[in-house]
2 protein chains.
Amino acid sequence: MMFSKACEYGIRAAVYIALQSLEGKRVSVAEIADEIDSPVAFTAKTLQQLTRNNIVKSIKGPSGGFEIEKEDMDSVKLSMIVKAIDGDGIYMGCGLGLKECNANQPCPLHDKFADIRSNLRKMLTNTSLYELATGLEVGLTYLKR
Amino acid sequence: MMFSKACEYGIRAAVYIALQSLEGKRVSVAEIADEIDSPVAFTAKTLQQLTRNNIVKSIKGPSGGFEIEKEDMDSVKLSMIVKAIDGDGIYMGCGLGLKECNANQPCPLHDKFADIRSNLRKMLTNTSLYELATGLEVGLTYLKR
DNA sequence: ACAATAAAAGACAATTTTGTCCTATTTAAT
DNA sequence: ATTAAATAGGACAAAATTGTCTTTTATTGT
């Protein structure tokens, strides 16, 4: 709706990886896809984007899988995941798709959107994977259904 | 970015139609597409959706075209256009794509998104075509570039 | 009645997104 | 060294979105 499917899967996957990493567990794509209810192969592709962007760490071979260092969890923000997969158009681009839309030459929605996009940008840049993972850990939030 | 291309064109087209209707002018698809810088045939399709939803009025034949009654302009809200083309998922659905995401079983972003989506919904349901068209009329906003 | 004009409708094409499958590469364990 | 387990990468397929083109329908003006 707001993000692409790939981005939705990417965020859910990252949160699940973080959750498991908090408990010192490394997870496979198969397990991730199962736990976040997403297509395995497609999720694998999406995870590749995240590893290339150093958002999650992948280890090949037996007992390999995905993980996120505990000390990185706090510095990895949602905005980094979204940007890696969808780009920053959601919170940077014009709501009506104009190339040149700014305070000087605003589209009719420019001012109306300003606050919303600003809040969205702030939320995404301030929310860390750690925060999301701990919410899950405590059993307050869910990744499927 | 936020809306589909069809929806972007739809909004821009509706605003342009409203602007011209304010001056008592009826406009053709060709003129609309030219003025909002969009593909003609595709814009025509999108306009069909708006006419079916009684958001704009279309008149066939010579000196026909699209228009919006002045008295309707104020009651036509952005949310109606968006809903007619993209559905209401942007401001009603879950940010992470979960089917069942609510206060009881929230996704990790549910609370973080609550305000943003609520503001977006309010903005869309409160903003009328009249308001947008008059901004254009005064020369404060733009529909292309 | 006829010709011209404009939207409606439908078939088709291109592109992007979403998704699958097979092979290659890396690594751990025996 | 060999085998097995895991991600990486590439080719392909399906579906959705975006876009074009042609024909039909309605309406106006002559």
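Residue numbering restarts at 1 for every chain, and letters A, B, ... go by the order of the sequence lines. All values reported here derive from a predicted model rather than from experimental measurement.
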Asker: Any donor-acceptor pair under 3.5 Å linking the side chain of B:Asn53 with the backbone of B:Ile55?
Answerer: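 Between the backbone of B:Ile55 and the side chain of B:Asn53 there is no qualifying donor-acceptor contact (under 3.5 Å).
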Asker: Keeping B:Arg117 on the side-chain end and B:Ile90 on the backbone end, is there a donor-acceptor pair under 3.5 Å?
Answerer: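 No, B:Arg117 side chain to B:Ile90 backbone: no donor-acceptor pair under 3.5 Å.
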Asker: With a 4.5 Å heavy-atom cut-off, do A:Arg26 and A:Gln20 have their side chains touching?
Answerer: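 The answer is no; the side chains never approach within 4.5 Å.
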Asker: Assign B:Arg26 to base, sugar-phosphate, or nothing according to its heavy-atom contacts below 4.0 angstrom with the strands shown.
Answerer: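 Result for B:Arg26 = nothing.
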Asker: Earliest and latest nucleotide of DNA chain D, 5' to 3', sitting under 4.0 Å from a non-hydrogen atom of chain B?
Answerer: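 The contact span of chain B on DNA chain D goes from D:dT18 to D:dT28.
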Asker: Base contacts versus sugar-phosphate-only contacts with protein, heavy atoms under 4.0 Å: please encode nucleotides 24-30 of chain C as B, S and - from 5' to 3'.
Answerer: -BBBB--
Asker: Not counting sequence neighbours, which residues clear side-chain contact (heavy atoms from CB on, under 4.5 Å) with B:Ser128? List them please.
Answerer: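 Scan of B:Ser128 (side-chain contact (heavy atoms from CB on, under 4.5 Å), adjacent residues dropped) gives B:Asp74, B:Lys77, B:Tyr130, B:Glu131.
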Asker: Starting at atom CZ of B:Arg52, determine the distance to atom P of C:dA8, rounded to an integer number of angstrom.
Answerer: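 It works out to 8 Å between those atoms.
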Asker: Kindly give the heavy-atom pair with the smallest separation between B:Leu120 and A:Phe113, and that separation in Å.
Answerer: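 Closest pair (atom of B:Leu120, atom of A:Phe113, distance): CD1-CE2, 3.9 Å.
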Asker: OP1, OP2 of C:dA7 versus side-chain N and O of B:Gln48: anything below 4.0 Å?
Answerer: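 Indeed not, no polar side-chain atom of B:Gln48 lies that close.
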Asker: Categorize B:Val27 for me: base, sugar-phosphate, or nothing, with a 4.0 angstrom heavy-atom threshold over every strand shown.
Answerer: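 Sugar-phosphate, backbone atoms only, no base.
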Asker: Atom NZ of A:Lys45 and atom P of C:dT23: how far apart are they, to the nearest Å?
Answerer: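 Going from NZ in A:Lys45 over to P in C:dT23 covers 14 Å.
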Asker: Identify, between B:Phe66 and A:Asp86, the residue whose nearest nucleotide on DNA chain C lies closer to the 5' end.
Answerer: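 It is B:Phe66, whose closest nucleotide lies nearer the 5' terminus.
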Asker: Side chains of B:Gln48 and B:Arg52, heavy atoms from C-beta outward: is any pair under 4.5 Å?
Answerer: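 Yes, close enough: below the 4.5 Å cut-off.
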Asker: Roughly, in whole Å, what's the span from CZ in B:Phe42 to P in C:dA13?
Answerer: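 So the CZ-P distance, B:Phe42 to C:dA13, works out to 18 Å.
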Asker: Should the ring pair A:Phe42 and A:Tyr9 be called parallel, tilted or perpendicular, given that the plane angle runs from 0 to 90° and is split at 30 and 60?
Answerer: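 Judged by the thresholds at 30° and 60°, the geometry between A:Phe42 and A:Tyr9 is perpendicular.
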Asker: Measuring to OP1 and OP2 of C:dT18, would you say a side-chain N or O of A:Tyr9 lies under 4.0 angstrom away?
Answerer: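 No, outside the criterion.
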Asker: How about B:Ile32 and B:Val40: do any of their side-chain heavy atoms sit closer than 4.5 Å?
Answerer: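 Counting from C-beta outward, B:Ile32 and B:Val40 never come under 4.5 Å.
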Asker: Consider only side-chain N and O atoms of B:Thr51 and B:Ser58, and report whether a donor and an acceptor are under 3.5 Å apart.
Answerer: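 Judged by distance alone, the side chains do not pair up.
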